[in-house]
Amino acid sequence: MAQKPGIPKGTRDFNATEVAKRSYIMDVIKEQFQLYGFQPIETPSFENSDTLMGKYGDEGDRLIFKILNSGDYLKKVSNDVYNSKSEHLITPSISEKALRYDLTVPFARYVVQHQNEIEFPFKRYQIQPVWRADRPQKGRFREFYQCDADVVGSTSLFQEVEFVQLYDAVFTALKLDGVVIKINNRKILSGIAEVIGAQDKLIDFTVALDKLDKIGEDKVKEEMRNKGISDDGISKLQPLFYLKGDFIGQIAKLKSILISSEIGRKGIEELEFINTAISDLKLNTAKLQLDVTLARGLNYYTGAIFEVSAPEGVKMGSIGGGGRYDDLTSIFGKPDTSGVGISFGLDRIYLVLEELGLFPEAITETTKVLFINFGEREAMTSLKAVTQLRQAGIKAELFPDAVTSGKQMKKQMTYANRRNIPYVVVVGEEELINQNYSLKNMISGQQKTVTFSMLLKSVS
RNA sequence: GUGGUUGUAGCUCAGCUGGUUAGAGCGUCGGUUUGUGGUACCGAAAGUCGCCGGUUCGAACCCGGUCUUCCACCCCA
């Protein structure tokens with residue numbers, strides 16, 4: 001055998017079953033997006049580098065796939081730059097475009113670019129692939145789909161409330177019970193940083209705090225110390241490490257910690273509003289949980305932060321995330337436009353549904369009736385019946401190649417069996433003479449001779 | 001980007017401290033059954049042991065590089 005072809009690491013081929021299952025998830029999400037009033041848009045798979053670079057931090061820049069300029073791209077590079085061997089200098093001069101890294105930044109660009117055509121508040125959804133030059137792991141790919149819904153141009157906290165409901169609606173529709181919608185607020189994190197005198201180290205502080213679940217209290221403190229947060233400040237955090245219990249209880253404790261911080265109090269107020277509304281409106285299957293250690297997400301979140309984790313017992317990272325960003329469009333020249341949005345990780349949801357066996361049987365259903373092909377005359381008669389069945393909305397097909405021996409018959413039956421086609425119709429010489437059809441049920445193995453109207457009725 | 005891990009037939013995997021013609025199960029194909037699949041029996045095909053190089057009389061096995069898989073970190077859906 002010749003050298004086998006392959007695909008780049010972190011990418012995948014999808015077979016018919018996989019495509020059907022992925023479409024199922026996307027259709028459910030789309031349906032809910034539309035029920036909540038979101039309109040679809042699409043943006044190009046690659047953007048100008050300026051649009052993307054610097055929006056995700058240094059780490060993000062590293063993970064953006066850059067597209068090499070066309071033509072003799074080295075010719076334009078000055079000798080100084082060329083000899084510098086510095087990627088920071090060389091990359092911009094040989095690459096001016098890059099594959100999109102997420103859907104939020106291109107959306108912000110879209111909003112600014114089309115601001116005069118858009119009615120605000122603008123609610124849009126977008127389901128498209130994104131690319132990251134990451135090292136693959138379970139549930140982590142270099143090409144994957146994001147399903148985003150965002151609202152820009154409204155500061156109302158009802159948006160946050162509706163997004164919690166939307167998460168609940170989608171996962172309920174997917175029969176994925178028991179997902180946990182974790183919520184936090186950047187203002188609370190800012191408030192805490194303020195209280196411990198580490199306002200300038202907010203990012204370092206939150207990144208460390210976020211790891212509490214994973215590495216434990218001691219390591220978190222160690223990391224904070226390494227980042228230059230004072231021991232005095234860290235000791236003030238102590239109550240945070242034991243902040244357990246229900247939403248209201250946690251809020252009460254936070255209030256006492258953040259009493260001196262105006263921004264912290266504002267964050268608490270927002271969380272209370274959302275929780276009160278959700279308690280009143282009620283969720284179907286999801287749970288809303290306050291998690292003050294939740295700090296993931298991009299540097300641009302300013303208010304609410306969301307993350308959805310799979311039901312307990314499923315080993316999978318987050319299956320969704322989002323938050324409010326007050327200033328994203330100002331990077332592109334449109335200040336004072338608040339946005340809030342959420343994202344669904346299609347590929348991870350797929351893995352979770354697969355693991356729990358939650359895909360409906362029906363989605364992989366293919367052809368329902370296969371006609372055995374005995375030759376030209378028989379095939380023509382069969383094709384007439386096939387056409388009528390199709391008009392009646394029944395998936396039907398004729399085996400394209402004729403029987404030339406008994407083995408061919410066997411081959412066609414095997415084909416039907418492999419493809420899980422539940423009915424086979426035999427139209428041979430006998431049936432042609434008698435103007436009837438031999439209908440075989442492939443599950444029971446029973447066969448009967450019928451007229452067309454009986455055939456239609458049997459397979460409907 | 002850092003550290004580790006994996007790669008043998010279409011698939012899942014054996015293969016002892018390096019030693020003749022590299023094995024199994026499942027699948028595929030053929031036959032028992034020339035108008036009948038899914039279960040049974042018989043038989044067959046199929047592998048430059050990820051790729052390149054090195055050590056050795058001799059390498060699937062040891063060493064180096066590279067690609068790939070999965071995992072941890074970084075970060076994240």
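Because the structure is predicted, anything quoted here is derived from the model rather than measured. In what follows, every chain begins at residue 1, and chains take the letters A, B, ... in the order their sequences are listed.
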Could you list, one pair per line, each protein nitrogen or oxygen that sits under 3.5 Å from a nitrogen or oxygen of nucleotides 37-40 of chain B, together with the distance?
residue: B:G37; atom: O2'; partner: A:N417; partner atom: ND2; Å: 3.3
residue: B:G37; atom: N7; partner: A:K440; partner atom: NZ; Å: 3.0
residue: B:G37; atom: N1; partner: A:M442; partner atom: O; Å: 2.6
residue: B:G37; atom: N2; partner: A:N417; partner atom: OD1; Å: 2.7
residue: B:G37; atom: N2; partner: A:M442; partner atom: O; Å: 2.6
residue: B:G37; atom: N3; partner: A:N417; partner atom: OD1; Å: 3.2
residue: B:G38; atom: O4'; partner: A:N417; partner atom: ND2; Å: 2.9
residue: B:G38; atom: N2; partner: A:I443; partner atom: O; Å: 2.9

| Short N-O contact, A:E59 and A:R62, less than 4.0 angstrom | yes

| A:R390: what forms a salt bridge (Lys or Arg N to Asp or Glu O under 4.0 Å) with it, not counting sequence neighbours? | none

| message | Near RNA chain B, counting only heavy atoms under 4.0 Å, which residues of residues 8-34 of chain A show up? | response | A:K9, A:G10

| Sequence neighbours excluded, every pair satisfying side chain to side chain donor-acceptor pair (under 3.5 Å) that has a member inside residues 418-430 of chain A | A:T367-A:R419, A:E397-A:R419, A:Y415-A:R419

| request: Name the nucleic acid region contacted by A:V424, choosing base, sugar-phosphate or nothing; use a 4.0 angstrom heavy-atom cut-off, strictly under. | output: nothing

| said: From the set B:U36, B:A77, B:A72, return the single nucleotide nearest to any side-chain atom of A:R132. | reply: B:A77

| task | Stems involving RNA chain B: give each as a range paired with a range, ordered by first number, where a stem means at least three consecutive Watson-Crick or G-U wobble pairs under 3.5 Å. | result | B:1-4 with B:70-73, B:10-13 with B:23-26, B:28-32 with B:40-44, B:50-54 with B:62-66

| query | If you measure only the distance, is there a donor-acceptor pair under 3.5 Å linking the side chains of A:Y325 and A:D150? | reply | yes

| request: Ignoring backbone atoms, test whether A:Q137 places a side-chain nitrogen or oxygen under 4.0 Å from the OP1 or OP2 oxygen of B:A72. | output: yes

| Nearest to the side chain of A:R135 - B:G35, B:C75, B:C71? | B:C71

| For the side chain of A:F374, counting heavy atoms from C-beta on, which of B:A77, B:C75, B:G35 is nearest? | B:G35

| Pair A:K221-A:E217, salt bridge (Lys or Arg N to Asp or Glu O under 4.0 Å): steps then yes or no | CA-CA 6 Å; A:K221 287 178 176 170; A:E217 183 183 332; 2.8 Å; yes

| Do A:T51 and A:N48 get their side chains close enough for a donor-acceptor pair, meaning under 3.5 Å? | no

| said: At 4.0 Å (heavy atoms only), tell me whether A:G139 reaches a base, stays on the sugar-phosphate, or touches nothing. | reply: base

| query | So what does A:E429 hit on the nucleic acid, given a heavy-atom distance under 4.0 Å: a base, only sugar-phosphate, or nothing? | reply | base

| task | Test A:D347 against A:R12 for salt bridge (Lys or Arg N to Asp or Glu O under 4.0 Å), laying out the working first. | result | CA-CA 11 Å; A:D347 299 270; A:R12 295 148 302 157; 2.7 Å; yes

| message | Go through it in stages, so that I can follow the logic: the residues are A:F171 and A:F344, the test is ring pair (Phe, Tyr, Trp, His ring centres under 6.0 Å), and I'd like the CA-CA distance, side-chain angles, deciding distance and then a yes or no. | response | CA-CA 10 Å; A:F171 290 116; A:F344 291 82; 5.6 Å; yes

| field | A:E143 versus A:T11, side-chain donor and acceptor atoms under 3.5 Å | value | no

| query | Does the side chain of A:V220 come within less than 4.5 Å of A:I215's, by heavy atoms? | reply | yes

| said: Using the side-chain heavy atoms of A:M409, tell me which of these nucleotides is nearest: B:U36, B:C75, B:G1. | reply: B:U36

| query | Is there a donor and acceptor pair, one atom on the side chain of A:Q447 and one on the base of B:U36, closer than 3.5 Å? | reply | yes

| said: Does A:S318 reach a base, just sugar-phosphate, or nothing at all? Heavy atoms under 4.0 Å. | reply: sugar-phosphate

| So what does A:E430 touch, heavy atoms closer than 4.0 Å: a base, only the sugar-phosphate, or nothing? | base

| remark: Sorted by chain and residue number, the side chain to side chain contact (heavy atoms under 4.5 Å, CB included) partners of A:S230 (sequence neighbours excluded) come out as A:D232

